[in-house]
Amino acid sequence: QVQLVESGGGLAQAGGSLTLSCAASGRTVTTLNMGWFRQAPGKERELVASIRWSGASTYYPDSVKGRFTISRDSANNLMYLQMNSLKPEDTAVYYCAAGGLGGDSHDYNYWGQGTQVTVSS
């Protein structure tokens, strides 16, 4: 059993920055691949970043590449999403996820409750 809790969401101006954090409890997530997803109202949940359990490789879709950075502190069961150069279209609920591969949300076994990110123009 793994519990994930996101924090750090809020309001930012276009061009600004936010950092999201994901804290894990229960079983360690050291051996799990992890990712960040987002979902805007009326849209499907989409992957915005993923990181392998070792931290050796990361993935970003074109929509956020060059602006977002995923990282993890496995020793403390923490994961982060640094978001720079924010755009209004980044507005969504952001979810921390673990135990999956790729961009299909159904592959992930564990999910946080989500944190709202709102970017004003």
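The chain is numbered in sequence order, starting from 1.
Side-chain contact check for Met79 versus Leu4: every heavy-atom pair is 4.5 Å or farther apart. Leu20 is listed as a side-chain neighbour of Val117, based on a closest heavy-atom distance under 4.5 Å. Residues Val93 and Thr115 form no side-chain contact, since every pair of their non-hydrogen atoms from C-beta on lies 4.5 Å or further apart. Contact annotation: the side chain of Thr19 never approaches that of Leu81 to less than 4.5 Å [non-hydrogen atoms, C-beta and beyond]. Contact of the Met34 side chain with the Cys96 side chain is registered, since non-hydrogen atoms from C-beta on lie closer than 4.5 Å.
Residue Gln116 qualifies as enclosed at atom CD: its count of foreign heavy atoms under 6.0 Å is above 12.
Annotation: ring pair (Phe, Tyr, Trp, His ring centres under 6.0 Å) contacts involving residues 62-106, sequence neighbours excluded, are absent. A ring pair (Phe, Tyr, Trp, His ring centres under 6.0 Å) check over residues 13-37, counting only residues at least two apart or in different chains, returns the pairs Phe37-Tyr108, Phe37-Trp111.
In this view, Gln3 and Ser25 satisfy the side chain to side chain donor-acceptor pair (under 3.5 Å) rule, not counting sequence neighbours. Every residue was checked against the salt bridge (Lys or Arg N to Asp or Glu O under 4.0 Å) condition with Asp104, not counting sequence neighbours, and none meets it. Under the salt bridge (Lys or Arg N to Asp or Glu O under 4.0 Å) criterion, Glu46 pairs with Arg38, not counting sequence neighbours.
For the atom pair CG (Leu32) and OG (Ser74), the distance works out to 9.5 Å, reported to the nearest 0.5 Å. Taken from OG in Ser17 to CE in Met83, the straight-line distance is 8.5 Å, to the nearest 0.5 Å.
Between Arg45 and Ser105, the shortest heavy-atom contact is CD-CB, 4.4 Å. What you find for Ser121 and Ala14 is that their closest heavy atoms are CA-CB, 4.4 Å.
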Donor-acceptor pairs under 3.5 angstrom involving side-chain atoms of residues 53-64: please list them, not counting sequence neighbours.
| from | atom 1 | to | atom 2 | distance (Å) |
| --- | --- | --- | --- | --- |
| Ser54 | OG | Ala56 | N | 3.2 |
| Tyr60 | OH | Ile70 | N | 2.8 |
| Asp62 | OD1 | Lys65 | NZ | 3.4 |

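For the pairing with Leu18, the side-chain contact (heavy atoms from CB on, under 4.5 Å) check across Asn84, Leu86, Leu11 returns one residue only, Leu86.
Side chain of Thr91 to backbone of Thr118: no donor-acceptor contact under 3.5 angstrom is found. Side chain of Asp90 to backbone of Lys87: a donor-acceptor contact under 3.5 angstrom is found. Distance alone, capped at 3.5 Å, is enough to place a donor-acceptor pair between the Arg72 side chain and the Arg52 backbone.
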